[in-house]
Amino acid sequence: MASSASAAALLPLPLPSCSSSEDSDDGKHLPSPPALEANTSPAQQQKQKQKRRRQERDYNVAMKALALDGDVDEVVAVFAELKRTAGEGGDGGPPPNVLCYNTLANALAEAGREGEALKAFDEMLASGVAPNASSQNILIKMHARRLEFDLAWELIHKSGVEPDVGTYSTLIAGLCRAGKVVEAWGVLDWMLEKNCRPMVQTYTPIVQAYCRDGRIVEAKLLMAEMERLGCLPNVVTYNVLIRALCDGDRFDEVEQVLMESSTKDWKPSTVTYNIYMNGLCKKGRSTELKWYAGVVAYNTVMSSLCEMGKWRGIMKLLTDMIKKGIEPNTRTFNILVRSLCVGGKFSLAKSLIHSQGFAANVVTYNTLLHWFYYRGKLTEANRLISVMLENNVAPDEVTYTIIIVGLCREGKFDAATAYFLKSLTSGLSMDVLTVLLNRLVYADKIWEINRIFDGKDFVPDYHVFDLTIRTFCRAGYCHYRTFYKLNLILDTMLKRK
DNA sequence: GTAGGGTTAG
């Protein structure tokens, strides 16, 4: 995979502590074209460097804000702009510094665009910018998400970048998410051996792992231990605990924990209240909005009202929040779209896409598509797909799933298969394939299945074989009279290998 | 100014 190749690419480190923004006069990246260079004094050059550094910081802050907002495309655009301004002198100019590359790569990784994140790091190395501990941590995070812990270890041991608290914390978080709490404790011991002091961020994932397993007693014990060690649990740690208490219907204890917050030296945030309220909503105990409610709280309640079919109440809340000066976001909007669909107001829901001040995203289109198919409005669905593509909104796995399910239900297996083949251009999704195969096999559409594996753009691997055989067997095709159909498909698949 | 733990939409 590309990830291991890139991990290897990070191994030989050029100059471990040197970032491009530092004043290393190695002459590798002169900021200005020669002509300008000739008649600028050292003082002026210094000034230009400072200006560039400020510019990089500003761009970096902007990228971070955009990433927080979930607008990754815009992050990519800002980064490109940063590179462009460097090249205005004519000969390319200095590359962005390591922090900017980190921000870019992290935003991409967080958005699930890991291939692009790795490409960003490759580009960084190619421009002679040395990675730092944060770059390494971002890579470790990506490895951990794919459960490639061996690669994560290899990176730590061979990169030459000294692991920091963040490195260990990232690894611990990844292990905890994968349910490997014992290994996480191992890493904690290891860092203590290396005299690296843990932080709240190091312990919190372990608290969370306990909470997820319903081991609340152990979670609380660990939090007590943190206090003893002088590493006080903070609002995030308590949020984890409160969520677990909500899931367990232990709302009295939530109140208790909140009451004690002032003496325990932490302050509940809007996130805390959002978790609490979400817990109450899920148990059907509250739709009352308190004074501290922000946009997320409104979204939660509106969404819960939508589940209950009270879509008129949603409109009331929308006007309510606008009156209070709380700005609705894309999610608010999507909840509104969904509630309008639930209420059968399709044309109104559709018209919202073109309304000003709202950028429809892939979720918006998915919501509408789902309902169009659900109500058998195939022409509308087709038209919407065109609009979506015209507006440069890329379909995701959910989109393809909705389309495929919708078409199959109408008996349009051929079209559904065509969409699956189209989805391959953005990579194979096993989820999408599972959905399609299920429908085709149960409908006995052997010809279409053959078509999936007959194309030149799809070479089945072990998982695909496994899935196919299982699906056929579950549908009863492993009977001797029908087995030849599965054989036919397997033949086609083997031809491709 | 980058990384590492927590909330809401299909």
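All chains are named by letter (A, B, ...) in the order of the sequence lines, taking the proteins before the strands, and each is independently numbered beginning at 1.
In this structure, Asp320(A) has no salt bridge (charged side-chain N to carboxylate O under 4.0 Å, His left out) partners at least two apart in sequence or on a different chain. The salt bridge (charged side-chain N to carboxylate O under 4.0 Å, His left out) check on Lys180(A) picks up nothing, with sequence neighbours excluded.
Side chain of Thr204(A), nearest nucleotide from dG4(B), dG5(B), dT2(B): dG5(B). Considering only the side chain of Asn106(A), dG4(B) comes nearest among dT7(B), dG4(B), dG5(B). Checking dG4(B), dT7(B), dA3(B) against every side-chain atom of Gln201(A), the shortest atom distance belongs to dG4(B). Set against dA9(B), dG5(B), dT2(B), the side chain of Thr330(A) has dA9(B) as its closest nucleotide. Out of dG6(B), dG5(B), dT2(B), the shortest distance to the side chain of Arg177(A) is found at dG5(B). Taking the side chain of Thr300(A) as heavy atoms from C-beta on, and the options dT8(B), dG1(B), dA9(B), the nearest nucleotide is dT8(B). Of the listed nucleotides (dG1(B), dG5(B), dG4(B)), dG5(B) has the atom at the smallest distance from the side chain of Thr237(A). Of the candidates dG6(B), dG1(B), dG4(B), the closest approach to any side-chain atom of Cys100(A) belongs to dG1(B).
Base contact: Ser269(A) has a heavy atom under 4.0 Å from a base atom. Here Asp164(A) lies in heavy-atom contact (under 4.0 Å) with a base. Using a 4.0 Å heavy-atom criterion, one finds that Val200(A) contacts the bases of the nucleic acid, with or without backbone contacts as well. Using a 4.0 Å heavy-atom distance criterion, Gln55(A) is classed as making no nucleic acid contact. Note on Asn329(A): nothing from the nucleic acid sits closer than 4.0 angstrom, heavy atoms only. At the heavy-atom level, Ser134(A) lies under 4.0 Å from base atoms of the strands shown. In this structure, Val235(A) reaches the bases: a heavy-atom distance under 4.0 Å links it to at least one base atom across the strands shown. Within the 4.0 angstrom heavy-atom criterion, base atoms lie near Met199(A).
Ion pairing between a basic and an acidic side chain is recognised when a charged N comes within 4.0 Å of a carboxylate O; Glu116(A) and Lys119(A) show no such pairing. In this structure, Glu110(A) pairs ionically with Arg145(A), as a charged nitrogen and a carboxylate oxygen lie closer than 4.0 Å.
Distance alone, capped at 3.5 Å, is enough to place a donor-acceptor pair between the Asn361(A) side chain and the Thr364(A) backbone.
Atom CD1 of Ile326(A) is separated from atom C1' of dT8(B) by 14 Å (rounded to the nearest Å). Spacing between atom CG of Leu241(A) and atom C1' of dT7(B) amounts to 15 Å, rounded to whole angstrom units. In this entry the distance linking CG of Leu175(A) with C1' of dG5(B) reads 14 Å, nearest Å. Per the geometry, CZ belonging to Arg57(A) stands 7 Å off C1' belonging to dG1(B), to the nearest Å. Rounded to a whole Å, the CZ atom of Arg212(A) is 12 Å from the P atom of dG5(B). Whole-Å rounding puts the Arg52(A) CZ to dG1(B) C1' distance at 14 Å. The nearest whole Å value for the distance from the CZ atom in Phe121(A) to the P atom in dA3(B) is 11 Å. In this structure, the CG atom of Leu99(A) is 10 Å from the P atom of dG1(B), given to the nearest Å.
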Applying side chain to side chain donor-acceptor pair (under 3.5 Å), run through Asp431(A) and Thr434(A) and close with a yes or a no.
CA-CA 5 Å; Asp431(A) 291 341; Thr434(A) 304; 5.1 Å; no

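Note on Asn299(A): every side-chain N or O is 4.0 Å or more away from OP1 and OP2 of dA9(B). An OP1 or OP2 oxygen of dG6(B) is reached within less than 4.0 angstrom by a side-chain nitrogen or oxygen of Gln208(A). Residue Asn97(A) has no polar side-chain atom (N or O) positioned under 4.0 Å from OP1 or OP2 of dG1(B). Checking the phosphate oxygens (OP1, OP2) of dA3(B), no side-chain nitrogen or oxygen of Lys141(A) falls inside 4.0 Å.
More than 12 heavy-atom neighbours from other residues, nucleotides or ligands sit within 6.0 angstrom of CG on Asp189(A).
Contact annotation: side chain of Asn361(A) to base of dA9(B), donor-acceptor pair present below 3.5 Å. Applying the 3.5 Å distance criterion, the base of dG5(B) shares a donor-acceptor pair with the side chain of Asn234(A).
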